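In what follows, a structure is listed as structure tokens, so that the remarks can point back to it.
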4 protein chains.
Amino acid sequence: MSGATKMMQRKKEKKRKAILDAAITVFSSHGYRKARVADIASQAKVGDGTIYLYYPDKARLMMAVFRELIDTQLNAWKEQIDPQQSNLEQLQQFFYFHADFFTKNPNFARFYAIEMRQLPQLQQTDHSRWPLYNYHEAISSLIRNAISAGEIRKIDTDVFVSMLLGTMEYVLTEWVYHNYEKSLHSINAKLIDILHNGLKLVDKERLL
Amino acid sequence: MSGATKMMQRKKEKKRKAILDAAITVFSSHGYRKARVADIASQAKVGDGTIYLYYPDKARLMMAVFRELIDTQLNAWKEQIDPQQSNLEQLQQFFYFHADFFTKNPNFARFYAIEMRQLPQLQQTDHSRWPLYNYHEAISSLIRNAISAGEIRKIDTDVFVSMLLGTMEYVLTEWVYHNYEKSLHSINAKLIDILHNGLKLVDKERLL
Amino acid sequence: MSGATKMMQRKKEKKRKAILDAAITVFSSHGYRKARVADIASQAKVGDGTIYLYYPDKARLMMAVFRELIDTQLNAWKEQIDPQQSNLEQLQQFFYFHADFFTKNPNFARFYAIEMRQLPQLQQTDHSRWPLYNYHEAISSLIRNAISAGEIRKIDTDVFVSMLLGTMEYVLTEWVYHNYEKSLHSINAKLIDILHNGLKLVDKERLL
Amino acid sequence: MSGATKMMQRKKEKKRKAILDAAITVFSSHGYRKARVADIASQAKVGDGTIYLYYPDKARLMMAVFRELIDTQLNAWKEQIDPQQSNLEQLQQFFYFHADFFTKNPNFARFYAIEMRQLPQLQQTDHSRWPLYNYHEAISSLIRNAISAGEIRKIDTDVFVSMLLGTMEYVLTEWVYHNYEKSLHSINAKLIDILHNGLKLVDKERLL
DNA sequence: GATGAATGAGTCTTCATTCAT
DNA sequence: CATGAATGAAGACTCATTCAT
């Protein structure tokens with residue numbers, strides 16, 4: 001009996017995954033508002049009502065899609081980290097990794113930059129509901145480590161995370177709005193330079 | 001004849017302003033989607049159809065509301081600039097000014113951080129349609145001047161603007177999501193420090 | 001499974017009929033434009049949206065109503081045909097049958113004469129979409145048979161059909177416009193005389 | 001003073017004509033429903049409200065347009081009548097004349113065949129309001145004369161008029177629906193044959 | 001658990017007509 | 001007489017969600 005139950009659970013999990021995948025596809029190509037639950041259902045090859053056995057409503061499904069995407073991204077990033085790299089290098093790698101990903105999947109860039117903003121406001125009493133919570137945590141931890149390791153000076157971690165993710169979002173949004181001109185990689189290089197060295201005149205310049 | 005026309009033009013302009021003000025109020029309190037055109041009309045004390053004599057549709061009205069808010073902000077900021085200040089100081093002032101404003105008008109913060117993101121995508125072939133175009137330009141020019149004046153080193157202006165506005169948006173969004181905890185001013189100070197000095201260990205720290 | 005499906009199909013067909021009947025009633029009494037979809041829905045005791053599961057829009061529903069009426073008419077006419085009658089007599093019967101029907105259902109006369117003309121123009125690339133296509137075909141075939149059987153001389157079938165249906169429509173329209181004065185039957189008799197004998201002076205008259 | 005008044009009257013008449021002409025143009029190209037009063041006004045180079053000084057509402061303007069077109073047609077037809085022709089020949093001429101006209105002005109055919117049907121129903125207590133009243137009268141009179149002159153046999157005039165106008169409308173409608181295939185002239189010839197000779201087998205055929 | 005037919009709330013926009021100037 | 005800015009009524013349609021089977 002327990003075996004049968006396990007199999008059913010596995011089956012359920014498979015169905016949940018099918019729905020999630022369908023949702024990713026449909027949300028990505030149509031956007032949250034235009035995406036119809038019925039489309040997701042037919043894409044997932046389940047009945048319309050079935051979706052509601054797995055997710056309470058469209059908005060939560062969207063949230064789940066986000067978390068799925070973000071987790072997938074985070075994991076992919078973590079897997080390709082070279083443990084020899086310093087924390088700072090890993091952080092830089094974070095941006096190059098995403099520049100790569102979005103360049104290759106412009107649809108997801110639109111999704112990330114535009115669609116995330118359409119997320120219906122849920123009660124935000126819980127910080128961990130913040131859609132980018134996991135990103136925040138991952139970067140946050142890297143920064144703290146970099147500080148501990150003496151790789152960078154002691155800056156405010158949260159503010160710095162906001163700078164990084166805010167810039168990333170903004171750049172991405174502009175990139176999408178302006179039809180994928182420019183190169184995300186070239187932007188990255190300039191960004192890292194500013195972050196690392198600040199605005200201060202360097203000694204050489206000061207001499208001039 | 002020309003007198004009458006002038007008076008009518010003034011009257012029309014007054015009505016346009018009434019509609020815009022009503023729209024700001026209604027959009028701010030209900031959000032773009034829940035705001036009904038009919039509510040805006042009655043708030044502005046005009047007929048439903050009158051709105052369409054001034055704005056082609058709800059989305060464009062929203063755009064106009066934005067531009068109005070942004071322009072008002074920009075002008076208010078410009079007026080309180082001390083011409084004695086360096087470009088860099090003016091830039092810092094920009095953020096303190098906004099921190100002030102949003103702290104005092106949290107409704108507008110929500111509007112700016114959340115509602116702006118609901119803006120229906122119009123054809124974005126024209127860069128000047130970018131909602132924050134004026135902000136971008138204003139900051140951009142300050143930065144270029146600061147560079148010319150030797151106040152800061154020669155960084156990529158566009159990337160830097162993206163960092164500033166992106167961070168501002170992100171911080172604001174977090175602030176709204178997390179129910180106006182923290183203080184925007186304290187965040188500002190930390191932000192400016194990071195931007196100015198970068199991440200690099202300062203000599204003193206390095207010596208330790 | 002197949003049983004359940006069959007029952008559902010029958011249920012669906014019943015609902016389709018309910019909607020169609022409600023539409024006939026509402027369209028007939030209010031006219032196409034004033035008829036509200038919501039009224040049809042409540043008359044049919046279904047939800048507003050349900051109608052759209054069966055007909056893509058109001059205009060197509062109207063088309064379906066037409067075809068339904070016309071088919072019903074055609075079938076009723078065919079059923080009461082006396083197979084002993086010649087083609088010509090059947091043709092005459094066609095008009096007497098309709099005169100009867102419309103005299104007894106003046107509402108349908110108004111519908112047929114007036115409302116049909118409000119039909120939104122769909123793309124008319126396909127001749128079989130022509131609302132009176134079935135009528136055209138039925139009469140056309142009678143005429144061809146009458147010619148083959150030597151009952152009437154060899155005239156142009158299409159033109160003759162146009163004469164018949166056009167006259168029918170016009171007489172009906174006048175009848176409705178002029179508040180159902182005259183008798184459709186008396187008109188019929190005169191019409192048939194003209195059609196059959198033409199305008200030519202008959203020999204007797206010529207002799208006078 | 002009387003001179004000035006006369007001039008004003010002439011001016012008014014000119015404006016009425018301008019509005020009517022504009023209405024013809026706009027109604028013909030957009031159809032009654034889609035035609036906007038404001039478009040007619042601007043086409044006529046008058047204010048929107050001005051139209052209502054000349055016509056009580058859109059529907060009556062449409063009626064006026066019809067009468068204007070029909071009168072123009074009737075007059076044009078009358079002018080080209082050869083007084084030597086018999087009444088019957090004049091009647092035939094009536095159809096050839098219209099076939100010509102509509103072939104050269106397919107837009108008006110659409111207008112006549114389709115748009116006339118959109119005419120909002122006015123109270124039809126008065127027969128002379130019947131849109132085709134003038135046509136009816138003109139043809140009616142020709143027929144009566146033809147009968148008196150012994151050119152045709154004594155048929156029911158009204159029914160015959162209905163046949164003629166009904167057929168004309170139907171043929172025109174089909175012609176428009178089916179994208180102006182066929183030739184109106186060729187149809188005319190067949191039509192006249194049927195009308196004149198009826199359906200009866202002619203002696204020659206009877207012999208076969 | 002799964003289905004998918006049924007529901008019905010909810011709103012932007014048009015445009016004929018009016019009337020103050 | 002002429003204007004044209006202002007009005008406001010009116011309704012088809014979509015689609016997230018439910019629930020009987």
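Each chain gets a letter, A, B and so on, in the order its sequence line appears, and its residues count up from 1. Just so we're clear, the structure is a prediction, and the values are computed from it rather than from any experiment.
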Between Lys12(C) and Ala35(B), the residue closer to the 5' end of DNA chain E by nearest nucleotide is Lys12(C)

Sorted by chain and residue number, the ring pair (Phe, Tyr, Trp, His ring centres under 6.0 Å) partners of Phe108(A) (sequence neighbours excluded) come out as Phe101(A)

Sorted by number, residues from residues 17-26 of chain A placing a heavy atom under 4.0 Å from DNA chain F are none

Of Val37(D) and Asp57(B), the one whose nearest nucleotide on DNA chain E sits closer to the 5' end is Asp57(B)

Q: Report which part of the nucleic acid Lys15(D) touches: base, sugar-phosphate, or nothing (heavy-atom distance under 4.0 Å, all strands).
A: sugar-phosphate

Separation of dA16(F) atom P from Lys34(A) atom NZ, nearest Å, is 14 Å

For residues 14-24 of chain A, dump all side-chain donor-acceptor pairs below 3.5 Å to protein atoms at least two apart in sequence or in another chain.
unit_1: Arg16(A); atom_1: NE; unit_2: Glu13(A); atom_2: OE2; d: 3.4
unit_1: Lys17(A); atom_1: NZ; unit_2: Asp21(A); atom_2: OD1; d: 3.1
unit_1: Lys17(A); atom_1: NZ; unit_2: Asp21(A); atom_2: OD2; d: 3.2

Which part of the nucleic acid does Tyr54(D) contact within heavy-atom distance under 4.0 Å: base, sugar-phosphate only, or nothing? sugar-phosphate

Rounded to whole Å, CD1 of Ile51(D) lies from C1' of dT18(E) at a distance of 14 Å

In whole angstroms, the gap separating P of dA16(F) from CZ of Arg33(B) amounts to 10 Å

Taken in chain and number order and not counting sequence neighbours, the residues that satisfy salt bridge (charged side-chain N to carboxylate O under 4.0 Å, His left out) with Lys12(D) are none

Taken to the nearest whole Å, OH/Tyr52(C) to P/dG10(E) is 18 Å

Ring pair (Phe, Tyr, Trp, His ring centres under 6.0 Å) filter on Tyr52(D), not counting sequence neighbours, yields none

Side-chain atoms of Arg36(C) come closest, of dG11(F), dA16(E), dC13(F), to dG11(F)

Residues in residues 40-48 of chain D with a heavy atom under 4.0 Å of DNA chain F, by number, are Val46(D), Gly47(D), Asp48(D)

If one requires at least 3 consecutive Watson-Crick or G-U pairs with distances under 3.5 Å, the stems of DNA chain E turn out to be E:2-21 with F:2-21

Rounded to whole Å, CG of Asp39(C) lies from C1' of dA12(F) at a distance of 12 Å

Here the distance between atom P of dC15(F) and atom CG of Leu61(A), to the nearest Å, is 16 Å

Distances under 3.5 Å only, N/O to N/O: pair up the protein atoms with those of nucleotides 19-21 of chain E.
none

Contacts satisfying salt bridge (Lys or Arg N to Asp or Glu O under 4.0 Å) that involve residues 37-59 of chain C (not counting sequence neighbours) are Arg36(C)-Asp39(C)

